[in-house]
Amino acid sequence: MDEKRTTLIYDRNQLIAKLTWVFFTITVLTNALVDPLILVYIIPAGLLTCLVMTRVARKDRVTENSMYVAVLTLFLFFFFLIQIEPILLNFIFIWFALLLSSIYHQDRPILLAGFLTVACTIYFFSFYQEQIFPNSDPVDVIYFSLFGLFFTVFLIYSSRFTERLRERAEQKEAKTSDQLWETREYLESFFNHMTDAVVVHDRHGMIMKVNKRFEGMYGWKEDEIVGQRVPFIKEESVDEIYRLWSRLDSGQSDYEMSHHTKTGELIDVSMTISPIRNKSGEVVALATIAKDYTERKKTEELLRRSEKLSVVGQLAAGVAHEIRNPLTVVSGFIQLLQQNQKMSPEHFEMIDSELKRVNTIIGEFLLLAKPNDVKFEYKSILPLVEEVVTLLNTTAVMQNIKIFLSYDERVPHIKCEPNQIKQVIINLLKNAIEAMKFGGSIYVYVGSYHDDYVRIRVVDQGEGIPDDKMTKLGEPFYTTKDKGTGLGLMVSHKIIENHHGQLRFVSKPNEGTSVDLLLPKSTHVSTTDEVQISK
Ligand code: ADP
Ligand code: MG
């Protein structure tokens, strides 16, 4: 017998036992008023019946047979009752017993009860007709028995029907609970195997649930954090996040901020907060899905560094190459000296120029290699430009070139490392001079550009740069000059990048080149500090 059937029979045995006790009590009470003498019989017999029923209804006694024992005991009691007091009222209790037997919703106990009912009817009709059924015909026993039979059949069918209904309801319930379980499992596995941390909390930040990834990412275990306020928001973001929670009614919201973990470490997360609603649409909780992008940031930084390293590597190879040529020349001359060969002044000039070249290359490199030493100052750009122009003017004049400087009335300050910016302007002016083999004019303009930049524009009338070479500008060692290093623009780019500025070229071959150097305006000093220049 399976467990389900056992509990079923057990439940019903219990019910019958209880009903028997109730019935017994009522019988005793009514008879105490009406016919106290009969209690002498009823009390022992009834007590015996009730005890048997209680015993049958015990959990460890539940068997298929317990049903028959219960039915039989009931009938025995009523049979006894009628026997000692054969009246119609008592006889009717036989039918009551038949009715009770249908409690099991099974054919056999009902059939047994039906059989006993008919047997009792015939018995009492035969021996006590006068007392129980006065004024009746002896043939009436047939009708009584038939009635018992029909009643039995009716009970069988009606109990089969209710049993079917019960089974169906049970199946449905089992199915629904299965489905519910599946959905729950599904969600749970989804929740716990997500690669992002999920934390569910109410609008006051009280945590209801976190997933496994959350534990890994933040360090708090679920049982130590559930029921607590979210502990990972930085103090300065608390107000902001509460405001966000309180107005999060429609749809989700994406956010980026730093959180701290249990150990106090800061992590950068991008998070999506979405409301969870109940059936009537009220927001009952908020789900925050957080993705840690600290690692991504670190990787990016690594990538940037390795890129830098590869540029340095590339440069080193180039430098070796660039320096080796002049050194070969110098060492050639030294060999000549060793052989006591005579050296002409031109030879010394060549040695000198080659060594200068090595020096220039190394000089430019030092600038690149020491970006950490730079000290930024708030400076007016104009004096810097003027200095450079003065410095290069002699060289220019020697090549038949005139440099014209003009500037806006008010030029904002910039935040810069003055020597580096001078270096850049020298590079630009030198390139302009070197591009103008046949002389001409160079115009330098200093002024504001849009609202945020200071612009230094250098316009020459030189050979220009072909379109297909534009992208090569700033590549290490790209030069079209015999004595060029191809490092000037590269270094300039680097410096300008560190200043968050830009370098822009516009050029037409054989007409000239215009270079714009844009540097961000400083917000540090007030306008009164700006240099006032009258033209
Ligand atoms: P270098 O001056 O040593 O050649 P740069 O990096 O300063 O190295 O310049 C690289 C190259 O860019 C130059 O060789 C030249 O071909 C081109 N270039 C730069 N500025 C100008 C300019 N104003 N006019 C024409 N060409 C230029
Ligand atoms: Mg140059």
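Position 1 is the first residue of the sequence; numbering continues from there. Each ligand, and each atom within it, is numbered from 1 in the order the structure gives.
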Exercise. In plain terms, say whether K422 and E387 are close enough for a salt bridge, that is, a side-chain N and a carboxylate O under 4.0 Å apart.
Key: yes
Exercise. Kindly confirm or rule out an N or O of F505 lying under 3.5 angstrom from an N or O of ligand 1.
Key: no
Quiz item: Would you call the rings of F214 and W220 parallel, tilted or perpendicular if under 30° counts as parallel and over 60° as perpendicular?
Solution: parallel
Quiz item: For atom 16 (O) of ligand 1, what is the nearest protein heavy atom, given as residue, atom name and distance?
Solution: T480 OG1, 2.5 Å
Quiz item: Would you call D239 and R243 a salt bridge, taking side-chain N to carboxylate O under 4.0 Å as the test?
Solution: no
Quiz item: Do any protein N, O or S atoms sit under 2.8 Å from the Mg ion (ligand 2), and which ones are they?
Solution: N431 OD1
Quiz item: What atoms of ligand 1 come closer than 4.0 angstrom to any heavy atom of G484?
Solution: 3 (O)
Quiz prompt | Aromatic plane relationship, F333 with H347 - under 30° parallel, 30 to 60° tilted, over 60° perpendicular | solution = tilted
Quiz item: Do E222 and V199 have side-chain heavy atoms sitting under 4.5 Å apart?
Solution: no
Quiz prompt | Nearest-contact summary for atom 17 (C) of ligand 1 - protein heavy atom, Å | solution = L473 CD2, 3.8 Å
Quiz item: Out of D482, N431, V515, V459, whose heavy atom is nearest to atom 9 (O) of ligand 1?
Solution: N431
Quiz item: According to the side-chain hydrogen bond (donor to acceptor under 3.5 Å, both in side chains) rule, which pairs have a member within residues 501-519, sequence neighbours left out?
Solution: Y449-R504, R457-D516, Q502-R504, S507-T513
Practice problem: Return the set of residues passing salt bridge (charged side-chain N to carboxylate O under 4.0 Å, His left out) with E497 (not counting sequence neighbours), or none when no residue passes. | Solution: none
Practice problem: Could you note down all residue pairs passing side-chain hydrogen bond (donor to acceptor under 3.5 Å, both in side chains) where residues 172-185 supplies at least one of them, sequence neighbours left out? | Solution: none
